[in-house]
2 protein chains.
Amino acid sequence: MKLPGKTVQRLSRYRRILYKYRYLEEPYIFSHDLARLLNINPVQVRRDLMLIGGSGNHRKGYHVKELMQLIGEKIDSEKGRKIILVGIGKLGQAIAEYLSDREMFQDIIALFDIDPVKVGKTMYDIPCFDIRDLSQMIKKKKVSIAILTVPSDYAVTIAELLIDSGIEGILNFTSVRLNTPENVFVQDFDIITSLEEMSYRLSLK
Amino acid sequence: MKLPGKTVQRLSRYRRILYKYRYLEEPYIFSHDLARLLNINPVQVRRDLMLIGGSGNHRKGYHVKELMQLIGEKIDSEKGRKIILVGIGKLGQAIAEYLSDREMFQDIIALFDIDPVKVGKTMYDIPCFDIRDLSQMIKKKKVSIAILTVPSDYAVTIAELLIDSGIEGILNFTSVRLNTPENVFVQDFDIITSLEEMSYRLSLK
DNA sequence: TTTCATTTGTTAATCTTTTAACAGCACAAA
DNA sequence: TTTGTGCTGTTAAAAGATTAACAAATGAAA
Ligand SMILES: NC(=O)c1ccc[n+]([C@@H]2O[C@H](COP(=O)([O-])OP(=O)(O)OC[C@H]3O[C@@H](n4cnc5c(N)ncnc54)[C@H](O)[C@@H]3O)[C@@H](O)[C@H]2O)c1
Ligand SMILES: NC(=O)c1ccc[n+]([C@@H]2O[C@H](COP(=O)([O-])OP(=O)(O)OC[C@H]3O[C@@H](n4cnc5c(N)ncnc54)[C@H](O)[C@@H]3O)[C@@H](O)[C@H]2O)c1
């Protein structure tokens, strides 16, 4: 049963909130609490949970741990996905730290860079390898997702390398469009678009 | 006339593509070219352009410069918005460089940090000020948007300072939820959600 | 000049996502 | 035991976004 994309995004967020709540003495949480913490509508929370077959107590709300478990069953892949980060500069390091810091339900297994000063080091508990080892690692460890934070000039070359090595998804932070085959998902990030959209929204007020 | 949010986002992207094309000898571009460059449907491009009253030549496509101009009229605010970046660490610097690098239709006027090593310097052509000067600058220069990249522990305090100083929108990169009044827009960024959504999508294949 | 292939502009249909509406349960308090 | 409040679960309606379908325009080639 396919879940709506937006629902999956919210489930991911619910789970991280639940994670923080997991050891509080109150083992239950209300849909309106989750909603408030994400600035959304409580109905939407309940609807999302309904879609994954979640059920709460009419008086106490949803059982925190039970719900975390259920969300995991629905959105995580059975074996857990392996993730790598390519290009460990300013942005790559910020992301590496961010991801290693918090409870992730995915596995960042390696960083890659071309700079000999970085290669061989362990940063934020994640080992950094030479870009020449990228292909082998992807194949051997069955890495499914790569976060791409190399300088734009190298984006296309590295993306081709990733694809040839069998990567399935790329989170692309470079401003370069990647020409990928159908079966490789790409998600582009772009702060300028967000800035301009916010600017437009402000103008409407 | 209010444009759909998604359309505004795409218009922002069209414009950046057009910008690259502006001095090529061919002054026209087809909807399917724009579409291909963004991995979207050409009908969608035409529909977006229709919404802002754009019109193309049935044989040559859209006039690049004319279209750039038109998009600007529709999505930019008359006076141009001022933007600041708060917290110039790994992520903040990456964003500062990224934004100063490319043609922006918004104005990054200042960086703010608490670290005396950074304060007073000019980074990527943008001057960095002490966080104590934040409030005054926002009021004096009528800054409308802040990009928040301070450590999570400081997020709430700095956000309150921003709001009290009259900021209208915040792009929030910290993992902390900001409790803002109705009239202040917040947009949260979160790579974990994107990773988990991609992971889910890969599982569907 | 006429034909033809190609692209725009627009309406309608479809698909997706959010919100409204409300029945029914659970528990606390009377 | 009964009543009332405040939740959940679900269906239906509304809103938002994408895609299909096709008429009309253009200009190149026949
Ligand atoms: N989408 C956004 O909003 C956004 C924001 C900021 C930066 N960016 C982009 O992210 C990318 C990284 O930015 P940054 O500030 O971290 O740059 P950076 O220069 O600080 O870091 C780049 C890193 O990549 C490494 N590298 C270079 N060539 C490589 C190769 N062939 N293989 C592996 N590693 C290689 C370098 O050694 C360096 O460590 C840039 O493309 C930038 O434009 C995007
Ligand atoms: N949303 C995401 O996907 C994502 C990714 C990476 C990092 N982050 C978040 O972004 C933030 C910054 O990350 P980073 O890696 O750049 O951290 P960093 O430690 O490298 O940089 C933080 C900067 O903020 C400055 N600072 C500290 N206190 C300040 C204050 N009171 N006022 C002004 N400046 C102050 C520091 O001097 C430093 O320059 C963190 O909250 C991190 O969790 C989010």
Task: N/O (side chain, Tyr28(A)) to phosphate O (OP1/OP2, dA26(C)) under 4.0 Å - done: no

- [ ] Kindly compute the distance separating CG (Leu178(B)) from CG (Leu162(B)), expressed to the nearest 0.5 Å.
- [x] 9.0 Å

Task: Length of the CZ-P vector between Phe30(B) and dG27(D), whole Å - done: 11 Å

Task: Verdict with reasoning, Gln69(B) to Glu73(B), per side chain to side chain donor-acceptor pair (under 3.5 Å) - done: CA-CA 6 Å; Gln69(B) 163 92 20; Glu73(B) 281 167 23; 3.1 Å; yes

Task: Proximity to the side chain of Met50(A) - top-ranked nucleotide from dT10(D), dT17(C), dT18(C) - done: dT10(D)

Task: Residue whose closest nucleotide on DNA chain C lies nearer the 5' end, Ile29(B) versus Arg47(B) - done: Ile29(B)

Open item on the list: From CD of Glu197(B) over to P of dT17(C), roughly how many Å is that when rounded to an integer?
Closed with: 9 Å

Open item on the list: Can you tell me how the ring of Tyr28(B) sits relative to the ring of His63(B), calling it parallel under 30°, perpendicular over 60° and tilted otherwise?
Closed with: perpendicular

Task: 5'-most by nearest nucleotide on DNA chain C - Lys60(A) or Arg10(A) - done: Arg10(A)

Open item on the list: Checking contacts here: which listed nucleotide (dT18(D), dT17(C), dG9(D)) is nearest the side-chain heavy atoms of Pro4(A)?
Closed with: dT17(C)

- [ ] Step through the shown structure and confirm whether more than 12 heavy atoms of other residues, nucleotides or ligands are within 6.0 Å of OH on Tyr154(B).
- [x] no

Task: Nucleotide dA15(D), atom P - distance to CG of Asn41(A) in whole Å - done: 15 Å

TODO: Specify the separation, in whole Å, of atom CG of Leu49(B) and atom P of dT8(C).
DONE: 9 Å

Task: Whole-Å distance separating the NE2 atom of His63(B) from the C1' atom of dT8(C) - done: 17 Å

Task: Distance, rounded to the nearest Å, where His32(B) contributes NE2 and dT8(C) contributes C1' - done: 12 Å

Open item on the list: Rounded to whole Å, please give me the gap between CD in Gln44(B) and P in dT10(C).
Closed with: 17 Å

TODO: To the nearest Å, give me how far apart CG (Leu38(B)) and P (dT18(D)) are.
DONE: 13 Å

Open item on the list: At less than 4.0 Å, is any side-chain N or O atom of Arg46(A) found next to OP1 or OP2 of dT19(C)? Yes or no.
Closed with: no

Open item on the list: Taking only side-chain N and O atoms of Arg59(B), does any of them lie within less than 4.0 angstrom of OP1 or OP2 on dA5(C)?
Closed with: no

TODO: Report which part of the nucleic acid Thr7(B) touches: base, sugar-phosphate, or nothing (heavy-atom distance under 4.0 Å, all strands).
DONE: nothing

Open item on the list: Check this one for me: any side-chain N or O of Asn57(A) less than 4.0 Å away from OP1 or OP2 of dC27(C)?
Closed with: yes

Open item on the list: Under 3.5 Å, is there any donor-acceptor pair linking the side chain of His58(A) to the base of dG6(D)?
Closed with: no

- [ ] Apply salt bridge (charged side-chain N to carboxylate O under 4.0 Å, His left out) to the pair Arg10(A) and Asp48(A), showing each step before the final yes or no.
- [x] CA-CA 8 Å; Arg10(A) 284 189 298 265; Asp48(A) 287 337; 2.6 Å; yes

